[in-house]
Amino acid sequence: MTSLLILNGPNLNLLGTREPEIYGADTLADVEANCRAHATAKGVDIACVQSNHEGALVDAIQAAKGTHDGIILNAGAYTHTSIALHDAIAGTQVPTIELHLSNVHAREEFRHHSYIARVAVGVICGFGAAGYILAMDAMIGHLETRR
Ligand code: CA2
């Protein structure tokens, strides 16, 4: 069975507690529950991981090789700073979709650059929590066309 890793980075554990006008009212637990329900409907397995630590995210990407077929990655602010995450994705070659709740291109200049996009299958941003479902469907479709 296809298996996806839903990987969330720094501060996304705070979802639903502040800045709902930017990130929505759903908590991370709500988002993960929606992903689990969608995975059941689509007949895929998922694992959900969140960490505030760059090295732990690198470990999770490395551990995905041979365990998960694709990664949905909201790397949070590390998107804009982390060559280590870029290298982990490039090194493991696990297909990865970069995801953001907000439209990072409509925000501050420092959010416009991504180290992840260069090694991602594609990027989804600006659709709030629905983006996780869009990303799951996009990854399932991507994996099907590769088979
Ligand atoms: O829009 C996104 O999903 C981001 O990845 C969220 C990151 C931000 O640094 C990226 O530029 C875009 C920030 C996540 C912080 O989430 C919070 C949620 C509620 C309260 C405080 C922080």
Side-chain angles (χ1 to χ4, degrees), residues 2-42 44-65 67-143:
T2 294
S3 179
L4 305 180
L5 174 64
I6 313 292
L7 184 57
N8 281 294
N11 296 310
L12 287 154
N13 54 313
L14 299 178
L15 273 185
T17 65
R18 278 177 36 213
E19 302 186 280
E21 66 287 357
I22 301 176
Y23 299 119
D26 286 345
T27 65
L28 184 60
D30 294 333
V31 170
E32 291 177 347
N34 288 341
C35 290
R36 286 200 184 87
H38 193 64
T40 301
K42 288 287 179 175
V44 302
D45 267 342
I46 62 164
C48 299
V49 173
Q50 187 274 332
S51 178
N52 293 322
H53 304 280
E54 188 175 14
L57 296 168
V58 169
D59 287 343
I61 291 165
Q62 290 185 9
K65 192 169 180 63
T67 306
H68 300 292
D69 301 292
I71 302 173
I72 311 300
L73 174 61
N74 186 345
Y78 289 142
T79 304
H80 319 298
T81 64
S82 180
I83 299 170
L85 290 181
H86 165 285
D87 289 351
I89 296 163
T92 56
Q93 296 277 299
V94 179
T96 299
I97 290 179
E98 175 182 336
L99 172 71
H100 302 284
L101 294 150
S102 63
N103 178 358
V104 287
H105 301 288
R107 300 183 64 193
E108 303 95 324
E109 192 85 28
F110 63 82
R111 297 187 203 276
H112 296 182
H113 177 262
S114 165
Y115 281 101
I116 311 295
R118 190 181 173 87
V119 287
V121 174
V123 180
I124 294 174
C125 72
F127 295 99
Y132 286 82
I133 305 302
L134 295 172
M136 287 175 69
D137 286 343
M139 183 59 79
I140 291 165
H142 173 75
L143 294 171

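Residue numbers start at 1 and run along the sequence shown. Each ligand, and each atom within it, is numbered from 1 in the order the structure gives. Any value given below was found using the heavy atoms of this structure, including those in side chains, with hydrogens, waters and symmetry copies removed.
When side chains are defined from C-beta on, L134 counts as touching F127, because their heavy atoms get closer than 4.5 Å. With contacts defined as side-chain heavy-atom distances shorter than 4.5 Å, the pair I72/M139 qualifies. Taking the side chain as every heavy atom from C-beta outward, L5 and V94 never approach each other to under 4.5 Å.
Looking at ligand 1, you won't find any N or O of L99 less than 3.5 Å from one of its N or O atoms.
Nearest protein heavy-atom neighbour of atom 1 (O) of ligand 1: S102 OG, 2.5 Å. In this structure, the protein non-hydrogen atom closest to atom 9 (O) of ligand 1 is R111 NH1, 2.9 Å. At the top of the distance list for atom 6 (C) of ligand 1, counting protein heavy atoms only, stands Y23 CE2, 3.5 Å.
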Pair D59-H53, side-chain hydrogen bond (donor to acceptor under 3.5 Å, both in side chains): steps then yes or no: CA-CA 10 Å; D59 287 343; H53 304 280; over 6 Å; no

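Every atom of ligand 1 with a heavy atom of A77 under 4.0 Å away is listed here by number and element: 9 (O). Here is the list of ligand 1 atoms found below 4.0 Å of a heavy atom in H80: 10 (C), 11 (O). Every atom of ligand 1 is numbered from 1 in the order shown, and the set under 4.0 Å from a heavy atom of L101 is 1 (O), 2 (C), 3 (O).
With E19, R18, H112 as candidates, the residue nearest to atom 19 (C) of ligand 1 on a non-hydrogen basis is R18. Here atom 16 (O) of ligand 1 lies nearest to N11 when heavy atoms of N11, L15, N103 are compared.
Within the 4.0 Å heavy-atom shell around ligand 1 one does not find T79.
Between H80 and F110, the ring planes lie perpendicular to each other; the angle is over 60°, past the 30° to 60° tilted range.
At a 4.0 Å heavy-atom cut-off, ligand 1 does not touch I22 at all. Of the heavy atoms in H100, both backbone and side-chain atoms come closer than 4.0 Å to ligand 1.
Here the side chain of S82 pairs no donor or acceptor atom with the backbone of T79 at under 3.5 angstrom. Listed for the D69 side chain is a donor-acceptor partner under 3.5 Å among the backbone atoms of S3.
Using a 3.5 Å distance cut-off with no hydrogens or angles, the side chains of S114 and E98 do pair a donor with an acceptor.
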